[in-house]
Amino acid sequence: MTTPPTAAPANIPAEADPDKAPSLLDGAQSLELTPAVCNLRYWLHAVPHGTLRSGVLGHAANVRPLDVVREPGPLNSALTRELAYRSVAEEKATRAIGHLTALAPDNDCMEFYATQLIDEARHAMVFRSHLLELGVQHHELTDTVARLAATDREQILVPLENLGLRVLRDERDFIGGVLVLTVLVEGVLAPAAELSERKWRIFDPAAADIERGAAVDEIRHLTVGSAIVRDHLRANPGDKERLLELIREGYALWAKLPTTEQLTRREDLFQQGIERHGDLLGDYEIWPGRRLSDTTARERIETGQDWAARLQRTRLAYMGLEEAI
C-alpha cells in the first residue's frame with residue numbers, strides 16, 4: 001500500500017515546493033533569486049524536503065501512466081522519444097556545468113552550480129527511469145535512449161554542446177558560460193517542459209509530475225543565472241557588447257537547428273493519440289479556455305515558441321541585454 005507524499009515543512013521556500021511554486025513561465029519571469037540565497041545550505045534544506053518529497057524519481061509510487069501510454073501506439077512513441085531526448089540533453093548539461101563549477105569566482109556561485117549539476121543529473125536519471133515504466137526493458141535502456149535520440153542528438157544537442165564547450169572549456173569564460181546556459185539553452189528549452197507538463201497531465205500524470213519537479217528546479221536555475229549576469233554587467237558595463245555578440249551568435253545557431261521539425265514529429269504523434277483517445281481528456285484545459293482535445297499540433301508548437309520568446313525577452317531585459325531582443 002502506498003502513502004501520499006507528506007506536506008512540505010512550513011519553512012520550505014515557496015519556489016521549491018511543487019504545490020506552491022508558480023508555473024515555470026511565471027516564476028522564471030517574476031522571481032528574483034541570487035547565488036547568495038540559493039547556496040548549498042538552501043539546496044540541502046529546500047530540495048530534499050520540498051521539491052523531492054514525493055520521491056527521487058519525481059512522482060509518488062502510486063501515480064502511473066494510463067495504459068494507452070504504456071501500450072505501443074502514438075502516445076507511447078511521442079513520450080518515449082521526448083524522454084530519450086530530454087535525458088540526453090540533461091546529461092550534456094550536467095557535464096557542461098562541471099566547467100561552471102570549476103570556473104566559479106566565489107563560493108556562492110560554486111555552491112549554486114554544484115547543486116545545479118546534481119539537479120540536471122537527477123533530471124537525466126528520472127527521464128531515463130520513466131522509460132522503464134513505459135515498457136522499455138532495463139537491459140535495453142541505454143541502447144533505446146541512443147536509438148530514439150540519435151538524430152536530434154547529432155542535429156541539435158551536439159551543435160549547442162560545441163558552443164558551450166568552446167566558451168567554457170576552451171575560453172574558460174564563466175560569465176559567457178552562464179549566459180549560454182541561461183539564455184540559449186534553458187531559456188529556450190524550459191518552455192517546452194512547461195508545455196509537456198500540461199499536455200501529459202491526463203494521459204501520464206507521472207510524467208507530468210516529473211516535468212513539474214524539473215520545472216521547479218529550472219525556475220531557480222534561470223533566475224539565479226540571470227542575476228549573475230545582471231550583477232556582472234552592473235560591475236563591468238564594458239563587457240556588454242561582447243555578451244550581446246555571444247547571444248547573437250547563439251541565436252544564429254538556433255536558427256539553423258531543425259527544432260521545429262523535431263517538435264512537429266512529436267506533436268504529430270501526440271495528435272494521433274488525441275484522435276484515438278481524446279475521450280479520456282474530457283474537458284481538461286491545457287491553458288485557460290482551451291481544451292487539450294481541441295488543440296492541434298501546430299497550435300501547441302506555436303504556443304510553446306511564443307512562451308519561449310516571452311521568457312527570453314523578460315530575462316534579457318532583467319539582465320540589461322534587451323538590445324539582443
Side-chain angles (χ1 to χ4, degrees), residues 23-25 28 69 73-93 123-124 127-128 130-131 134 144-161 163 183-204 207-208 210-212 214-215 218 222 250-278 281 285-287 290-313:
S23 70
L24 191 155
L25 293 175
V69 182
L75 292 175
N76 181 275
S77 295
L79 186 52
T80 54
R81 282 161 174 74
E82 179 179 339
L83 292 171
Y85 173 76
R86 294 288 301 282
S87 71
V88 175
E90 299 284 6
E91 177 192 339
K92 289 186 176 297
H123 298 168
F127 291 142
R128 289 194 306 270
H130 197 55
L131 287 168
L134 296 176
T144 299
V145 169
R147 174 175 54 82
L148 292 178
T151 299
D152 294 332
R153 176 188 180 278
E154 293 304 316
Q155 295 183 353
I156 298 174
L157 295 178
V158 169
L160 288 171
E161 180 183 39
L163 173 62
V183 175
L184 299 174
V185 179
E186 291 191 318
V188 175
L189 298 178
E194 174 82 10
L195 182 65
S196 184
E197 176 195 342
R198 297 185 188 196
K199 77 181 191 183
W200 290 110
R201 176 55 62 188
I202 302 299
F203 287 137
D204 188 346
I210 288 169
E211 292 285 6
R212 173 59 173 161
E218 300 300 354
L222 286 164
Y251 281 166
L253 173 61
W254 265 110
K256 299 176 183 178
L257 302 180
T259 52
T260 299
E261 292 87 341
Q262 174 207 46
L263 293 172
T264 298
R265 290 194 301 271
R266 292 208 304 249
E267 290 300 335
D268 283 346
L269 286 167
F270 189 82
Q271 194 66 31
Q272 294 174 33
I274 288 179
E275 292 168 1
R276 294 187 190 183
H277 307 291
L281 298 174
E285 294 184 350
I286 188 170
W287 51 78
R290 188 61 170 158
R291 297 196 315 167
L292 176 56
S293 59
D294 295 331
T295 61
T296 65
R298 182 186 180 96
E299 179 183 6
R300 293 190 299 274
I301 291 169
E302 291 179 346
T303 298
Q305 291 172 336
D306 287 344
W307 289 348
R310 185 175 61 179
L311 177 60
Q312 290 176 60
R313 285 195 298 269

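Bear in mind that the values here come from a model prediction, so they are computed numbers and not experimental data.
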State, yes or no, whether a side-chain contact exists between Leu24 and Leu222 at a heavy-atom distance under 4.5 Å. yes
The reported gap from CG in Leu160 to CD in Gln155 (rounded to nearest 0.5 angstrom) is 12.5 Å
Partners meeting side chain to side chain donor-acceptor pair (under 3.5 Å) with Ser87 (sequence neighbours left out): none
Heavy-atom donor-acceptor pair, Asp268 side chain to Ala297 backbone, under 3.5 Å: no
Spell out, as yes or no, whether a donor-acceptor pair under 3.5 Å connects the side chain of Thr264 to the backbone of Thr260. yes
When rounded to the nearest 0.5 angstrom, what is the spacing between OG in Ser23 and CH2 in Trp307? 8.5 Å
Pairwise side-chain contact, Leu292 with Ile202, heavy-atom cut-off 4.5 Å (strictly under): no
Residues in side chain to side chain contact (heavy atoms under 4.5 Å, CB included) with Asp294, at least two apart? Arg290, Arg291
Non-hydrogen side-chain atoms of Trp200 and Phe270 separated by less than 4.5 Å: yes
How many angstroms lie between atom CD of Glu299 and atom CG of Asp306, to the nearest 0.5 angstrom? 10.5 Å
In the structure I gave you, are the side-chain heavy atoms of Leu263 and Arg300 within less than 4.5 Å of one another anywhere? no
For the CD atom of Glu261 and the CG atom of Asp152, what is their distance to the nearest 0.5 Å? 10.0 Å
Any side-chain heavy-atom pair of Arg201 and Arg198 under 4.5 Å: no
So how far is it from Glu211 CD to Arg86 CZ, rounded to the nearest 0.5 Å? 4.0 Å
Within a strict 4.5 Å, meaning less than it, do heavy atoms of the Ile156 and Tyr85 side chains meet? yes
Does a side-chain heavy-atom distance below 4.5 Å link Leu163 with Trp254? no
Is Ile274 close to Gln271 at the side-chain level, that is, under 4.5 Å between some pair of heavy atoms? yes
Using the test side chain to side chain contact (heavy atoms under 4.5 Å, CB included), find all partners of Ser77 that sit at least two apart in sequence or belong to another chain. Arg81, Leu269
Would you give the length of the straight line joining atom CG of Leu131 to atom CD of Glu82, rounded to the nearest 0.5 angstrom? 10.5 Å
